[in-house]
Amino acid sequence: QVQLVESGGGLVQAGGSLRLSCAASRRTFSTYTMGWFRRAPGKEREFVAAITWSGISTLYADSVKGRFAIARDNAKNTVHLQMNSLQVEDTFVYYCAATVAGGLPTRERDYDYWGQGTQVTVSS
C-alpha cells in the first residue's frame, strides 16, 4: 500500500505559476512510475504528466506540453509538477498517482494508488 499526499494547490491569476508536490509513504517509492491527472466536477480524470521510476523519461498531455514539468526526488519520496503560464482552462482538482507498471501509462485504470487531490484555480 502506498499513501500519496498532494500539496501546493491554490488560487493563481492567469499567466502565473504553481508547484504541486506529492509525498509518498513508502520507501519503495523509487520503483513506481508516477503520474499527475486532473479532473473537473462530474468528469473523468484526464492525464497530465508521467515520469518513470528513474526520472529519465517523462510524458505530457498536449494541452500542458511546454508549460508544465514533472520531476521526482527519490531520496525524499516526492514528485513535483511545476505549472507555468497557467490558464483559466487549467482549473481542476489535480491528483497524484503511482503505478508499478512499466513505461509511462496515460490511462487512469493503469494506476494503482491515488492521492486525495488538490484544487488549482486559475482566475482571469
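Only this structure's heavy atoms are used, side chains among them; waters, hydrogens and symmetry mates stay out.
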Is the closest side-chain donor-acceptor distance between Ser17 and Asn84 under 3.5 Å?
yes
Closest non-hydrogen atoms of Pro105 and Thr33, given as atom of the first, atom of the second and distance, are CD-CG2, 3.9 Å
Interatomic distance, OG@Ser25 vs CG@Asn77, rounded to 0.5 Å, equals 8.0 Å
Is there a side-chain contact between Ser123 and Val88 in this structure, where contact means two heavy atoms from C-beta onward sitting under 4.5 Å apart?
no
Report yes if some heavy atom in the side chain of Leu59 is under 4.5 Å from a heavy atom in the side chain of Thr106; otherwise report no.
yes
If you look only at pairs with a residue in residues 5-107, which of them pass as a disulfide bond (SG atoms under 2.5 Å apart), with sequence neighbours excluded?
Cys22-Cys96
Using the rule that Ile, Leu, Val, Met, Phe, Trp and Tyr join whenever any side-chain heavy atoms are under 4.5 Å apart, tell me whether Val79 and Leu104 fall into a single cluster.
no
When rounded to the nearest 0.5 Å, the distance separating CZ of Arg109 from CZ of Arg107 is 4.0 Å
With hydrophobic residues grouped by side-chain heavy-atom distances under 4.5 Å, do Val93 and Phe68 end up in a single group?
no
Just to verify, what does Ser57 make a side-chain hydrogen bond (donor to acceptor under 3.5 Å, both in side chains) with, not counting sequence neighbours?
none
Can you name the side-chain hydrogen bond (donor to acceptor under 3.5 Å, both in side chains) partners of Thr121, sequence neighbours left out?
Gln119
Which pairs count as side chain to side chain donor-acceptor pair (under 3.5 Å) when at least one residue sits in residues 90-100, sequence neighbours excluded?
Arg38-Asp90, Arg38-Tyr94, Arg39-Tyr95, Arg67-Asp90, Thr99-Asp112
Would a single hydrophobic cluster contain both Tyr113 and Leu81, if residues Ile, Leu, Val, Met, Phe, Trp and Tyr are joined by side-chain heavy-atom contacts under 4.5 Å?
yes
Is there side-chain contact between Tyr60 and Ile51, with heavy atoms separated by less than 4.5 Å?
no
Using the test salt bridge (Lys or Arg N to Asp or Glu O under 4.0 Å), find all partners of Arg19 that sit at least two apart in sequence or belong to another chain.
none
State which residues pass salt bridge (Lys or Arg N to Asp or Glu O under 4.0 Å) with Lys65; sequence neighbours excluded, sorted by chain then number.
Asp62
In terms of heavy-atom contacts, does CD of Gln3 have more than 12 from other residues, nucleotides or ligands at under 6.0 Å?
no
With sequence neighbours left out, which residue pairs that include part of residues 31-66 fulfil the disulfide bond (SG atoms under 2.5 Å apart) condition?
none
Considering residues at least two apart in sequence or located in another chain, which fulfil the side-chain contact (heavy atoms from CB on, under 4.5 Å) criterion with Ser7?
Ser21
Not counting sequence neighbours, which residues clear side-chain contact (heavy atoms from CB on, under 4.5 Å) with Ser54? List them please.
Thr52, Ile56
Scan residues 6-49 for pairs that pass ring pair (Phe, Tyr, Trp, His ring centres under 6.0 Å), counting only residues two or more places apart or in two chains.
Phe37-Phe47, Phe37-Tyr111, Phe37-Trp114
Value for CE (Met34) from CG (Asn74), rounded to nearest 0.5 Å, stands at 9.5 Å
Going by the disulfide bond (SG atoms under 2.5 Å apart) test, which pairs reach into residues 50-90, not counting sequence neighbours?
none
Which heavy atom of Ala24 sits nearest to which heavy atom of Leu4, and what is that distance?
CB-CD2, 3.7 Å
If hydrophobic clusters are built from ILVMFWY residues whose side chains come within less than 4.5 Å, do Leu20 and Val12 share one?
yes
From OG (Ser124) to CD (Gln13), nearest 0.5 Å
8.5 Å
Salt bridge (charged side-chain N to carboxylate O under 4.0 Å, His left out): which pairs involve residues 6-17, sequence neighbours left out?
none
